[in-house]
Amino acid sequence: MSLSEKYEAVIGLEVHAQLLTESKMFCGCRNAYGAPPNTQMCPVCTGQPGTLPVINQFAVELGVRAALAIKAEIHHESVFSRKNYFYPDLPKGYQISQYERPFCTRGKILISLGDGSEKEIGITRIHFEEDAGKNLHKGDHTQVDLNRAGVPLIEIVSEPDMRTAEEAGQYLRTLRTLLRYANVTDGDMEKGNFRCDANISVRPRGQKEFGTKVELKNINSFRFVEKAVEYEIDRQIRAIEGGETIVQQTRGWNSAKNVSEVMREKEDAHDYRYFPEPDLAPLQISDKWIGEIKNELPELPDQKKSRFESSYGLSGYDAGVLTASRDLANYFEGVVDVCKDAKTSANWVMNELLGRLNAVGKDIVETPVSAMELANLISKVQSGAISGKIGKTVFEEMFETGKTAESIIEAQGLKQISDPSALEPVVRKVMEANPGQVAGYKAGKVKLLGFFVGQVMKETKGQANPGLVNDIVKKLLDS
Amino acid sequence: MQLKEFTIERVIAGYRKQEFSPSELATSYLDAIEEQNGRLGAFLQVDRDLVLAQAAALDSRRQEVNKLPLFGVPIAIKDNFLVKNWQATAGSKILKGYVSPYTATCVEKLESAGAIIIGKTNLDEFAMGSSTENSAYFPAKNPWDTSRVTGGSSGGSASAVAAALAVGSLGSDTGGSIRQPARLCGIVGLKPTYGRVSRYGIIAFASSLDQVGPFGRTVQDVASLLEVISGYDRNDATSSRAIVPHYSDHLKGATLKNVRVGIARDWLEGVDGEVRKSFDEAVKLMIKDGAKIVDISLPHSRYALSTYYIIAPCEASSNLARYDGIHSGFRAEGVTDLDSVYFKSRGQGFGAEVKLRIMLGTYALSAGYYDAFYGKANEVRKLIQQDFLTAYEDCDCIVMPTSPSTAFKFGEKAADPIKMYTSDICTLPVSLAGLPALSVPCGLDSQGLPIGLQFIGKHFEESHLLKVAHKYELERGEFPLPAGVDY
């Protein structure tokens with residue numbers, strides 16, 4: 001029995017998503033990435049004496065959207081609490097968060113796995129909190145940047161429902177897609193706007209009780225989610241096999257060395273001395289407000305997927321690929337809007353565009369070929385202005401140079417020749433040059449038709465309308 | 001001009017009759033403060049330039065005396081309020097030299113009403129205390145007898161008004177910090193309903209209890225100040241949207257006829273002879289004027305002291321975490337690493353009482369203790385509040401002594417925290433219930449020290465409360481000034 005048959009991992013994820021608000025959670029400072037250090041701050045978010053927090057209503061709205069997206073329960077009353085600890089990036093000496101009474105509990109999402117199966121992952125809770133600032137270590141001293149202090153976050157805590165690294169990775173991707181669809185967060189992991197910690201334990205298969213869990217931090221890129229989780233599962237299994245006892249601890253993923261390392265042991269755990277934030281009344285979210293937010297909620301991935309299937313006649317697979325992100329779905333719809341042929345559009349977007357994007361490691365938002373331009377190209381193929389084959393060449397050129405289909409076709413003279421009077425002389429020329437094949441055809445080798453068509457296409461550098469060439473060749477050979 | 005005669009009304013009348021200009025009046029106050037502050041220790045900061053700049057600006061707006069209710073009225077502000085360009089030390093070394101980057105909402109309202117901020121007043125460090133002996137700088141002294149305390153924590157604000165070094169002042173009251181010093185200094189001090197006045201810009205002690213309120217020589221002055229500083233503030237999520245009545249106008253025609261005044265008999269046990277006598281006389285005066293006395297019961301108030309000394313320190317331990325030697329205020333010398341920044345800065349920056357309360361609160365909030373302490377205390381708090389609401393079914397307001405004893409000598413209670421805490425025994429239940437209450441002088445004891453009567457009202461019914469207190473004040477007649485205030 002292999003080790004992976006002997007043991008089973010139990011994984012739960014805690015995700016922090018930065019909310020797409022204009023301003024911070026409890027003050028009017030701008031919530032924007034990349035400003036010079038300590039330029040987006042005020043007496044409130046720097047914790048000046050006498051200041052008080054005021055809840056950003058739009059942040060609450062985004063939280064409600066997230067809750068709706070994961071089909072969770074939204075509580076009419078929830079409570080902010082103070083999480084007390086000392087750290088230089090925490091100007092008040094406490095973080096305002098939600099503890100015993102979060103605004104949202106009991107959600108779920110459905111993830112798709114590589115073997116074609118689907119699995120439901122429970123979400124325990126979502127709560128609001130403010131971000132801390134950032135410590136910048138420079139040589140022997142540390143500087144503090146408070147631009148991020150007070151930026152609104154939601155923390156999404158999953159049930160310990162995942163059993164493999166693949167499930168953890170898919171959960172994270174699906175959650176991100178959902179929240180991006182709902183315009184809750186930009187989900188940018190590299191900028192720290194979407195952060196993930198994993199609680200991982202292993203147990204012998206068949207055992208009911210959970211093993212001792214380890215919290216794994218710093219999983220801050222989609223590139224190594226699976227790798228990090230896999231490593232930690234493997235490390236724990238090996239440790240148990242080696243006779244060790246797993247101790248409760250916090251480990252950090254070192255993406256340079258591809259290992260997890262101890263950050264702190266359980267006994268170093270903080271006592272956060274949570275208590276209800278006395279500066280804020282309980283947060284009230286009415287059914288009426290939830291209803292309004294629901295009405296304005298953007299179409300979510302599963303709704304969009306079934307709409308793509310029903311109104312565009314796409315296969316489940318195609319609809320799934322094209323709704324993987326809202327940007328891609330919008331792109332596809334942009335193409336269909338112009339060229340009106342959903343299936344052809346789907347083929348072009350999936351085969352040509354996504355193929356090229358994947359090859360160069362770019363996202364749909366970075367595409368050098370706009371939806372409008374791709375639609376123009378498709379229309380030219382459909383109308384017979386260029387052949388499908390040349391269409392693909394033109395697309396390559398568009399992708400490389402960013403030029404329009406029109407200008408490429410014009411500049412390179414790629415326009416399809418669909419004029420019989422221009423093509424007939426070429427056909428005659430080919431026949432004259434290949435008397436043997438003409439004789440063979442006439443003797444009954446009808447398959448040679450393709451040979452003549454091919455030669456004509458070659459002569460015209462592929463610009464000839466192949467259907468028309470076919471007709472002319474047939475007519476002249478049969479006469 | 002005689003500063004000892006000034007009430008808000010008198011100052012405004014003086015401007016109208018062009019008896020003096022804002023600059024002249026401000027200069028007189030500044031001179032008096034300079035002369036008296038060494039004796040009284042009422043002010044921690046008086047900045048001539050800042051004061052005269054405000055006065056000069058008003059000199060050129062003389063016609064606005066008819067529009068601005070506090071035109072050119074010198075008001076002192078407790079040093080735990082932020083006023084832009086002024087220091088805000090909260091009476092602590094840890095904020096020594098801290099200059100406010102913004103102005104508290106209530107002070108902004110005073111400024112818009114034309115008031116002159118005359119100085120920042122002394123207090124117990126972070127408003128923790130009942131005598132102003134916990135000031136990290138120097139104690140404030142009682143103008144009635146400078147060997148005695150002013151009460152606290154707003155001792156400087158009370159002393160300043162009692163000694164005519166300001167026409168009115170603002171303080172903060174968490175468990176009695178306005179009412180108790182007002183009583184010990186023989187002036188009127190009001191703690192409004194929690195939420196009536198914005199807390200934005202007040203250095204927090206215990207957020208669920210802290211409330212801003214005015215001191216004045218008369219109920220009329222306190223009403224005028226309350227009218228200006230009250231109201232909803234979008235910067236304070238706990239401030240109330242209840243409309244602000246014209247408190248001072250409402251005083252006209254006040255009567256005690258058929259006013260049902262509640263008295264909790266069990267509370268009067270343990271109140272010493274002279275205070276009790278003075279209380280009984282005040283009640284008689286009210287009965288004479290038509291008030292109906294109703295016996296009420298506040299059974300859970302006996303737990304107020306214990307409840308308060310859980311809730312307030314818990315909140316304080318968190319509120320004071322920001323003074324960490326990194327972001328604002330004092331940082332100790334010779335620090336070597338992060339922990340030493342925290343330990344040394346906080347160790348040297350905070351005084352003994354503050355440390356005691358931070359430790360109390362930190363302990364009570366620790367894992368495993370929350371339910372037994374903070375959780376339980378909040379349950380008791382609800383019961384205390386409920387007692388008051390039940391009592392108000394039978395009465396319109398409640399009277400009781402403001403504190404059990406008159407001004408005590410320096411050091412008399414400082415060594416024993418419980419003894420000190422007990423001076424607030426009559427004010428704490430009201431704070432826990434979030435109710436409005438004011439202290440009005442009701443007599444002098446045999447040593448010539450003021451005694452105070454506490455009027456307690458219903459939530460957001462300051463208007464009624466002030467009317468009752470005002471009528472009592474009229475019946476009582478003129479209250480004397482401390483000897484030596486003759487300028």
Side-chain angles (χ1 to χ4, degrees), chain A residues 25-28 38 41-57 79-96 99-100 132-133 135 137 140-146 149 269-284, chain B residues 80-82 88-90 92 95 98 100-105 126 195 198-204 206-210 233-239 311 314-315 317-329 338-339 341-342 346 361-370 374-375 378:
Chain A
M25 187 73 209
F26 298 114
C27 66
N38 295 318
M41 54 182 212
C42 72
V44 176
C45 58
T46 58
Q48 295 301 302
T51 54
L52 299 168
V54 177
I55 299 169
N56 179 339
Q57 293 297 302
V79 172
F80 283 93
S81 288
R82 290 189 187 173
K83 179 180 181 178
N84 295 285
Y85 64 97
F86 287 96
Y87 208 55
D89 65 8
L90 194 69
K92 295 191 296 295
Y94 56 85
Q95 178 195 32
I96 305 177
Y99 183 56
E100 281 185 325
N135 288 347
H137 304 286
D140 66 342
H141 65 284
T142 299
Q143 298 176 329
V144 182
D145 177 8
L146 293 179
H270 292 289
D271 177 355
Y272 291 117
R273 290 174 282 119
Y274 282 99
F275 74 105
E277 165 59 283
D279 288 330
L280 294 170
L283 174 63
Q284 309 288 338
Chain B
N80 60 345
F81 288 52
L82 276 82
T89 69
S92 180
L95 280 170
Y98 178 75
S100 309
Y102 70 100
T103 298
T105 303
F126 283 103
S198 166
R199 292 183 294 119
Y200 187 72
I202 316 309
I203 296 179
S207 311
S208 74
L209 293 157
D210 294 345
D233 176 13
R234 62 191 186 89
N235 288 321
D236 177 0
T238 62
S239 68
I311 293 174
C314 282
E315 294 179 8
S317 71
S318 175
N319 283 331
L320 270 58
R322 71 189 62 200
Y323 311 108
D324 59 0
I326 290 172
H327 295 280
S328 46
L338 185 57
D339 281 352
V341 172
Y342 292 146
R346 289 170 67 82
T362 304
Y363 177 81
L365 285 177
S366 297
Y369 294 106
Y370 179 89
Y374 194 74
N378 273 300

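So that the names make sense, note that chain A is the first sequence line, chain B the second, and so on, each numbered from 1. On a predicted model such as this, the values are computed, not experimentally measured, just so you know.
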Subject >> Passing option when B:R322 is tested against A:L90, A:T46, A:T51 for side chain to side chain contact (heavy atoms under 4.5 Å, CB included) >> reply: A:T51
Subject >> Heavy-atom pair of closest approach, residues A:L280 and B:A237 >> reply: CD2-CB, 3.9 Å
Original post:
If you look at every heavy atom in A:V54 and B:D236, which pair is closest and at what distance?
Top reply: CG2-N, 4.4 Å
Subject >> Side chain proximity check, B:Y98 to A:Q48, heavy atoms < 4.5 angstrom >> reply: yes
**OP:** Please examine the side chains of B:Y200 and A:V44, heavy atoms only from C-beta on, and report whether any two atoms are closer than 4.5 Å.
**Re:** yes
Can you tell me which of [options] forms the most heavy-atom pairs within a distance under 4.5 Å of chain B?
options	result
A:P49, A:G93, A:C27, A:P276	A:P49
A:A281, A:P88, A:P43	A:P88
A:P53, A:G28, A:G47	A:G47

Structural part of [X] lying under 4.5 Å from a heavy atom of chain A:
X	answer
B:L95	side chain
B:Y369	neither
B:R199	both
B:T362	both
B:I326	side chain
B:L338	side chain
B:A104	neither

Original post:
Would you say A:E100 has more than 12 foreign heavy atoms packed within less than 6.0 Å of its CD?
Top reply: no
Let me confirm one number: the [atom1]-[atom2] distance from [X] to [Y], rounded to the nearest 0.5 Å.
X	Y	atom1	atom2	value
A:L52	B:T238	CG	OG1	6.5 Å
A:F275	B:S317	CZ	OG	6.0 Å
B:N319	A:D279	CG	CG	6.5 Å
B:C314	A:R82	SG	CZ	11.5 Å

Original post:
Given that the side chain runs from C-beta out, which part of A:F26 has a heavy atom under 4.5 Å from chain B: side chain, backbone, both or neither?
Top reply: neither
Original post:
A:N84 side chain to B:S318 main-chain N or O, any donor-acceptor pair under 3.5 Å?
Top reply: no
**OP:** Heavy atoms only, distances under 4.5 angstrom: which of B:G361, B:A367, B:A206 has the most pairs with chain A? Name it, please.
**Re:** B:A367
Original post:
Should the pair A:F86 and B:Y342 be assigned to parallel (<30°), tilted (30 to 60°) or perpendicular (>60°) ring geometry?
Top reply: tilted
